[in-house]
Amino acid sequence: MILLQSPSRFLLQILKDRIVSGDKGVDIDCHTVEFDDVRYHVQFSMRNPKVMVLSVALPLAPPEAILYDGLPLGAIDAIKAAYGAVVQILDPPKDCFDLTMKINLTKLPTDEEQRNVVLTQIASVREVVLGAPLKLLLRHLASKTVAPNVDKLVALVHRPNESFFLAPQADKVTVVYPMRFQDSIDIVLATSFLQEFVEARRTAALNNAPSCMWSPVPPLELKGVNADALDANAGFVTFVVFPRHVEGRKLDKTVWSLLTFHAYVSYHVKCSEGFMHTRMRRRVESLIQALDRAKSDAEKLKKLVHGGSFRRLSMKHEGNSNH
Amino acid sequence: MANTLRLYLTCIRNTLEAAMCLQNFPCQEVERHNKPEVELKTSPELLLNPVLICRNEAEKCLVETSINSIRISLKVKQADELENILAKKFLRFLSMRAEAFQVLRRKPVQGYDISFLITNYHCEDMHKHKLIDFIVQFMEVSKGLVNEQLTARVSLDMFVVSEMFILRASM
């Protein structure tokens with residue numbers, strides 16, 4: 001899996017199991033975390049087995065990101081538009097969560113294929129909620145306008161206490177990610193990974209892709225942002241998205257890619273660490289073999305002779321006892 | 001480039017061949033003890049002059065010899081931070097498996113990345129020339145592979161992965 005998938009496997013599995021299992025429901029009450037930032041809480045009760053209560057906790061927002069009732073701009077509308085009658089939003093949400101939804105499984109379409117589409121969409125609740133403001137801005141870009149009442153620089157939360165920035169203009173949107181990593185090894189790997197990103201963009205086949213830049217200092221777009229939001233230890237990545245990248249069906253893909261950029265990078269940083277480990281293991285094995293070769297044959301021979309003499313001795317002994 | 005590396009390795013090989021003439025030698029201070037003198041350094045008459053072989057500032061090899069043991073310390077070249085991490089990880093990986101290597105010292109001598117300690121017992125149950133082969137091979141592996149091949153592979157992987165990401169956006 002090189003690219004991250006948008007529906008959460010966990011939610012999708014639970015929903016599918018529930019639909020297969022029919023009316024004989026059991027209590028389910030479980031939590032899960034996705035990409036180290038979004039928390040889910042799933043509840044089914046015995047009394048109405050066809051109703052799932054799903055609570056979602058979004059990453060803690062830094063001060064520069066603006067939320068409306070704890071949710072990103074346009075999230076409620078996006079949920080209503082995406083799920084329709086199947087989902088009912090509970091207000092206020094459960095303690096420690098930002099959004100609680102009641103999902104009525106009896107209202108799902110009866111056709112299996114259509115039902116799977118809706119279930120997948122429910123499982124991608126992360127994309128719907130967190131991606132709502134991004135989608136709003138990019139949709140305006142597709143029609144080459146700037147969304148009304150939007151600042152020149154919009155901060156969107158994507159990790160706990162971290163945000164990325166969008167500078168919307170009529171003909172392009174500039175997306176800037178301050179990249180932060182905790183581990184010192186991760187920082188170095190991520191930095192070289194991001195530089196590779198810029199290299200990869202230069203190849204001829206990718207001329208249509210959004211242009212990509214990496215710099216160790218904040219780019220000009222971020223002028224005037226408070227210093228806390230700008231201390232990034234792996235540099236800044238800038239993508240410039242043009243209207244042709246958000247046409248029609250491309251919009252969803254672009255939103256998801258931009259939304260999970262950090263998770264994507266850190267996932268691959270971990271992968272290359274794993275890859276390094278496997279190679280080292282193999283190398284160590286070959287070195288140990290080289291050392292084994294150095295052990296003198298004389299020693300091995302001695303052992304063999306020793307073993308042989310033991311056997312002979314015991315045979316003689318047996319022979320003696322028989323006689 | 002490859003030529004200077006060969007010269008460097010040949011020089012180390014010759015030095016080791018000359019230096020590796022070890023004999024059993026019981027400790028002079030404590031009765032019934034037999035310790036590697038190069039580690040103790042209590043009696044100067046048992047130590048020989050250490051030899052330092054440098055290819056450049058970043059790559060060097062220190063060979064310290066005594067009557068019953070020899071200590072070889074290596075410093076591996078680390079050009080950038082990625083190589084630094086790879087080398088550090090690899091050498092730490094090895095040090096943690098020092099048991100399996102027998103001649104590997106668990107902790108490197110200060111200022112070096114990895115050290116070997118070869119005693120007369122090792123020389124007795126292993127072929128001397130093969131032991132030297134092992135050390136030279138080790139140097140080749142940790143130098144050539146950590147720094148060039150592995151880095152190249154990691155960057156290549158990163159390149160492919162980032163290409164995929166950008167491709168998806170452009171489709």
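Everything numeric in this text was worked out from a predicted model, so none of it was measured. Computed from heavy atoms alone, side chains included, the values below leave out hydrogens, waters and symmetry copies. Quick note on labels: first sequence line is chain A, next is B, and so on, each numbered from 1.
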Original post:
In terms of heavy-atom pairs under 4.5 Å, which option from B:Q137, B:K128, B:R97, B:K89 contacts chain A the most?
Top reply: B:K89

**OP:** Name the region of B:F93, side chain, backbone, both or neither, that has any atom closer than 4.5 Å to a heavy atom of chain A.
**Re:** side chain

**OP:** Flag yes if more than 12 heavy atoms outside B:N49 fall under 6.0 Å of its CG atom; otherwise flag no.
**Re:** no

Original post:
Considering residues, nucleotides and ligands other than B:E31, do more than 12 of their heavy atoms fall under 6.0 Å from its CD?
Top reply: no

Original post:
In this structure, are over 12 heavy atoms from other groups packed under 6.0 Å from B:E99 atom CD?
Top reply: no

Subject >> B:D133 CG to A:L291 CG distance, which is reported to the nearest 0.5 Å >> reply: 11.5 Å

**OP:** Nearest 0.5 Å please: distance from the CZ atom of B:F138 over to the CG atom of A:L287.
**Re:** 6.0 Å

Subject >> Heavy atoms of other groups near B:R106 CZ, more than 12 under 6.0 Å >> reply: yes

